[in-house]
Engineer: 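Sharing a structure here in structure tokens format.
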Amino acid sequence: MPEDNAEHSDTGVIVVGAGPTGLLLAGDLAAAGVPVTLVERHEHRSELTRAFVVHARTLEQFDQRGVADALVAHGRQVAAIRLFDKAVVDMSGLPSRYPYMLVAPQYETEGVLLRRARAAGVEFVRPAELADLVQDAQGVTATLADGRTIRARYLVGADGHRSTVRRLVGEPFPGRSVVKSVMLADVLLKDEPPGGGATNSIGDRFTFIAPFGDGYYRVISWDRTKPADEHDPVDLEELKDIARSVLGTDFGMYGPRWSSRFHSDERQVQRYRVGRVFLAGDAAHVHSPAGGQGMNTGLQDAANLSWKLASALTGGPDLLDSYQAERRPVGAKVIRGSGALLRLAMLRSTAIRTTRNELVSAALHVPLTARRLPLAMSGLRVKYPAPRGAHPLVGARAQDARLRGEPKRLYEALRAGRFVLLDTGGLHEREAVDVAATGRLDLLVGIDPDAPSMLVRPDGYVTWAADSAYPDPKGLRRALREWVTG
Ligand SMILES: Cc1cc2nc3c(=O)[nH]c(=O)nc-3n(C[C@H](O)[C@H](O)[C@H](O)COP(=O)(O)OP(=O)(O)OC[C@H]3O[C@@H](n4cnc5c(N)ncnc54)[C@H](O)[C@@H]3O)c2cc1C
């Protein structure tokens, strides 16, 4: 049965697409008290899984919404990943409550977010397909394929790489196709690969194997000399043959539960915002699955945009242009990083591959690279633009911190969806107390007296910080006006 069925309704935000990006965004908006309608083409959520790696920053965002434990319970924690030969990226030293990659099927991530969105009061309209949209100075009118219309102040296209919203606002999706007809299968293995997974390429052939967390392994396999149609079935014997030729063994692959082919593009829109319409997730950027970044980046888009939409709709400052300014550079970096990883993985010449293995392995023994690469892959290194001369923490994610009293941790405090002013040094800013009285800010006291005081946004990023080396009370007043009160 369709979940809802309004002929015509007015709402705050229409979100198109109930993939991970749309579900997180809609859940956040509803939790902030914004009326939100989520339009999804399919009646039920897909049981297929594309993404299977959830990175530390995404788990931190889930923690800030009280749903991390539910997802962690469904996944397997993988502390290190072998890139090439002996080159291993070790996540175990990440400065996070989640120093690992969580291997969990995409449908589990979506399930957690769907339950949260329902509980928060999102209005679902499914199955329903967005067919048209028109925007004017006051809002956006969306027309569904069956003729129903919905009117809202804003609309977000979280409708995937073939985004209808992107087409309707006339935004091009420049870029190029990188690989075509790559085979994908979830199989059982008789022999476990040493270190849990394996990857290699020789000549025109490539295989990647990673544990899926529930006994199955994800195999990604490609033979450049055999271009196949996207809809051709995947042959287990061919997967085994390619694995034997590049890894020396097929680890006794058997019992595939699912297989498919995919092609991978590298594309990004110029404009994440077109008037009252926003693009997020795969609708705004796509790239290769190398490094497991796509879903994670879309979820971070959603976390960045949701509270800004809520601010604009609930009398707070209009911060909506900062969505593009903050998230487009991150998307571009992810496309470059995952593209570099894919190209390194698919090198043809044996001599160049040997040099690659040696160079990457050597680089990962340099302490700085060994620290930075896991930080970059996990999403913890993302930093948004900061004013000149600001404390080095401004723009970075706020690390979780212990608090005096309840709630016990900063990330628990962020579950309220408000700004937090974390005071570790006896700040007595009159203006902060006044702002707290408006209900947009919580004043909290940390227990570590040496940590900086910080103004933390609802998405967990620092907008102002100060300590004895950078005392900056004027900056706090400015940040409160710019970000919290308007
Ligand atoms: C092989 C493979 C492996 C991957 N592995 C990883 C990984 O390990 N980690 C990672 O982070 N990412 C990974 N990804 C990428 C990840 O799957 C995507 O980035 C992610 O699904 C994007 O989420 P989204 O919500 O933006 O879009 P989608 O998941 O594509 O959701 C879009 C939704 O919009 C709906 N929709 C579309 N058009 C309309 C319309 N007109 N009206 C109404 N509804 C509409 C669709 O039905 C769909 O439900 C992988 C991808 C592939 C192909």
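Ligands are counted one by one from 1 in listed order, and the atoms in each one are counted from 1 as well. The structure displayed is predicted, hence computed values, not measured ones.
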Engineer: Would you mind checking which non-hydrogen protein atom is closest to atom 10 (C) of ligand 1, with the distance to 0.1 Å?
Structural biologist: M295 N, 3.2 Å
Engineer: Angle class for the Y461/Y384 ring planes (parallel below 30°, perpendicular above 60°, tilted otherwise)?
Structural biologist: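 Geometry flag for Y384 against Y461: tilted rings.
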Engineer: Could you tell me whether the side chain of E108 and the main chain of G75 form a donor-acceptor pair under 3.5 Å?
Structural biologist: no
Engineer: Would you indicate whether the side-chain heavy atoms of R218 and P289 approach each other to under 4.5 Å?
Structural biologist: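 No - every pair of side-chain heavy atoms lies 4.5 Å or more apart.
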Engineer: I'd like to check which ligand 1 atoms, numbered from 1 as shown, lie under 4.0 Å from a non-hydrogen atom of L184.
Structural biologist: 1 (C)
Engineer: Against ligand 1, does G298 come closer than 4.0 Å with any heavy atom?
Structural biologist: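 It does not; every heavy atom stays at 4.0 Å or beyond.
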Engineer: What I want to know is whether G281 and ligand 1 share at least one N or O pair that is separated by under 3.5 angstrom.
Structural biologist: no
Engineer: What part of N296, side chain, backbone, both or neither, has a heavy atom within less than 4.0 angstrom of ligand 1?
Structural biologist: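 Contact part for N296 vs ligand 1: both backbone and side chain.
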Engineer: May I ask you to identify the nearest protein heavy atom to atom 37 (C) of ligand 1, giving residue, atom name and distance to one decimal place in Å?
Structural biologist: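 Scanning the protein heavy atoms, the shortest distance from atom 37 (C) of ligand 1 goes to D159 O, 3.3 Å.
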Engineer: Considering both backbone and side-chain atoms of F52, is one of its nitrogen or oxygen atoms within less than 3.5 Å of a nitrogen or oxygen in ligand 1?
Structural biologist: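 N/O-N/O distance below 3.5 Å exists for this pair.
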Engineer: Find the distance between CZ (F251) and OH (Y217) and round it off to the nearest 0.5 Å.
Structural biologist: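 Interatomic distance, F251 CZ to Y217 OH, rounded to 0.5 Å: 9.0 Å.
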Engineer: Of V78, L94, V54, V72, which is the lone residue that meets side chain to side chain contact (heavy atoms under 4.5 Å, CB included) with Y100?
Structural biologist: V72
Engineer: Return the residue, atom name and 0.1 Å-rounded distance of the protein heavy atom closest to atom 18 (C) of ligand 1.
Structural biologist: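 It is D282 OD2, 3.3 Å.
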Engineer: Between E123 and T11, does the side-chain hydrogen bond (donor to acceptor under 3.5 Å, both in side chains) criterion hold? Intermediate values first, please.
Structural biologist: CA-CA 10 Å; E123 181 192 14; T11 186; 5.2 Å; no
Engineer: What orientation do H285 and H287 show, parallel under 30°, tilted 30 to 60°, or perpendicular over 60°?
Structural biologist: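 Ring orientation of H285 relative to H287: parallel.
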Engineer: Please state which part of A128 comes within less than 4.0 Å of ligand 1, counting heavy atoms only: side chain, backbone, both or neither.
Structural biologist: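 The answer is the backbone.
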Engineer: If you count the atoms of ligand 1 from 1 in the order shown, which ones are under 4.0 Å from a heavy atom of G17?
Structural biologist: 33 (C), 34 (O), 35 (C)
Engineer: Considering the options K308, R116, R415, which one meets the salt bridge (Lys or Arg N to Asp or Glu O under 4.0 Å) requirement together with D28?
Structural biologist: R116
Engineer: Check each of R50, R162, R267 against D282 using the side chain to side chain contact (heavy atoms under 4.5 Å, CB included) test, and report the only one that passes.
Structural biologist: R50
Engineer: What atoms in ligand 1 come closer than 4.0 Å to a heavy atom of T164?
Structural biologist: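 The list of qualifying atoms is 41 (N).
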Engineer: Could you tell me whether R153 and D10 make a salt bridge, using a distance below 4.0 angstrom between a side-chain N and a carboxylate O?
Structural biologist: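 No, this pair does not count.
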Engineer: I need the atoms of ligand 1 closer than 4.0 Å to a non-hydrogen atom of G160, numbered in the order shown.
Structural biologist: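 So the atoms of ligand 1 that pass are 27 (O), 30 (O), 32 (C).
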Engineer: Suppose we measure from atom 25 (O) of ligand 1 to each protein heavy atom; which comes out shortest, and what is that distance?
Structural biologist: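 The closest heavy atom on the protein side is T21 N, 3.0 Å.
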Engineer: Is there a donor-acceptor pair closer than 3.5 Å between any side-chain N or O of D159 and the backbone N or O of T164?
Structural biologist: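 Judged by distance alone, yes, a pair lies under 3.5 Å.
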Engineer: Measure the shortest side-chain to side-chain distance between M377 and V89 over non-hydrogen atoms and say whether it is less than 4.5 angstrom.
Structural biologist: yes
Engineer: In the protein, what heavy atom is nearest to atom 44 (N) of ligand 1, and what distance, to one decimal place, separates them?
Structural biologist: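 Sorting protein heavy atoms by distance from atom 44 (N) of ligand 1 puts R41 N, 3.0 Å first.
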Engineer: With backbone taken as N, CA, C and O and side chain as the heavy atoms from C-beta onward, which portion of Q106 lies under 4.0 Å from ligand 1: side chain, backbone, both, or neither?
Structural biologist: side chain
Engineer: Going by the order shown, which atoms of ligand 1 are within less than 4.0 Å of some heavy atom of H42?
Structural biologist: 47 (O)
Engineer: Any idea which protein heavy atom is nearest atom 49 (O) of ligand 1, and the distance to it?
Structural biologist: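 Nearest protein contact, heavy atoms only, for atom 49 (O) of ligand 1 is E40 OE1, 2.7 Å.
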Engineer: When you measure from the side chain of R381 to the backbone N and O of A376, does any donor-acceptor pair fall under 3.5 Å?
Structural biologist: no
Engineer: Check A131 against ligand 1 and report side chain, backbone, both or neither, counting heavy atoms closer than 4.0 Å.
Structural biologist: neither
Engineer: Only heavy atoms count here, so choose which of A302, A142, A158, A284 is nearest to atom 32 (C) of ligand 1.
Structural biologist: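 Answer by nearest heavy atom: A158.
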Engineer: Just let me know how L23 lines up against ligand 1, side chain, backbone, both or neither, with a heavy-atom cut-off below 4.0 Å.
Structural biologist: neither
Engineer: Nearest protein heavy-atom contact for atom 3 (C) of ligand 1: which residue, which atom, what distance?
Structural biologist: R50 O, 3.2 Å
Engineer: Against heavy atoms of V39, which atoms of ligand 1 measure under 4.0 Å?
Structural biologist: 43 (C), 44 (N)
Engineer: Identify which of V15, V53, L130 has a heavy atom lying nearest to atom 40 (C) of ligand 1.
Structural biologist: L130
Engineer: Determine whether a donor-acceptor pair (N or O, by modelled atom type, separation under 3.5 Å) exists between the side chain of Q293 and the backbone of V334.
Structural biologist: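 No, because the side chain of Q293 does not come within donor-acceptor range (under 3.5 Å) of the backbone of V334.
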Engineer: Around atom 6 (C) of ligand 1, find the nearest protein heavy atom and jot down its residue, atom name and distance.
Structural biologist: A51 CA, 3.1 Å
Engineer: When you compare the side chains of R57 and S378, does any donor N or O come within less than 3.5 Å of an acceptor on the partner?
Structural biologist: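 Short answer, no.
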Engineer: What part of V286, side chain from CB on, backbone N/CA/C/O, both or neither, has a heavy atom under 4.0 Å from ligand 1?
Structural biologist: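 For V286, no heavy atom sits under 4.0 Å from ligand 1.
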Engineer: Would G22 count as a polar contact of ligand 1, with the cut-off being nitrogen or oxygen pairs under 3.5 Å?
Structural biologist: no
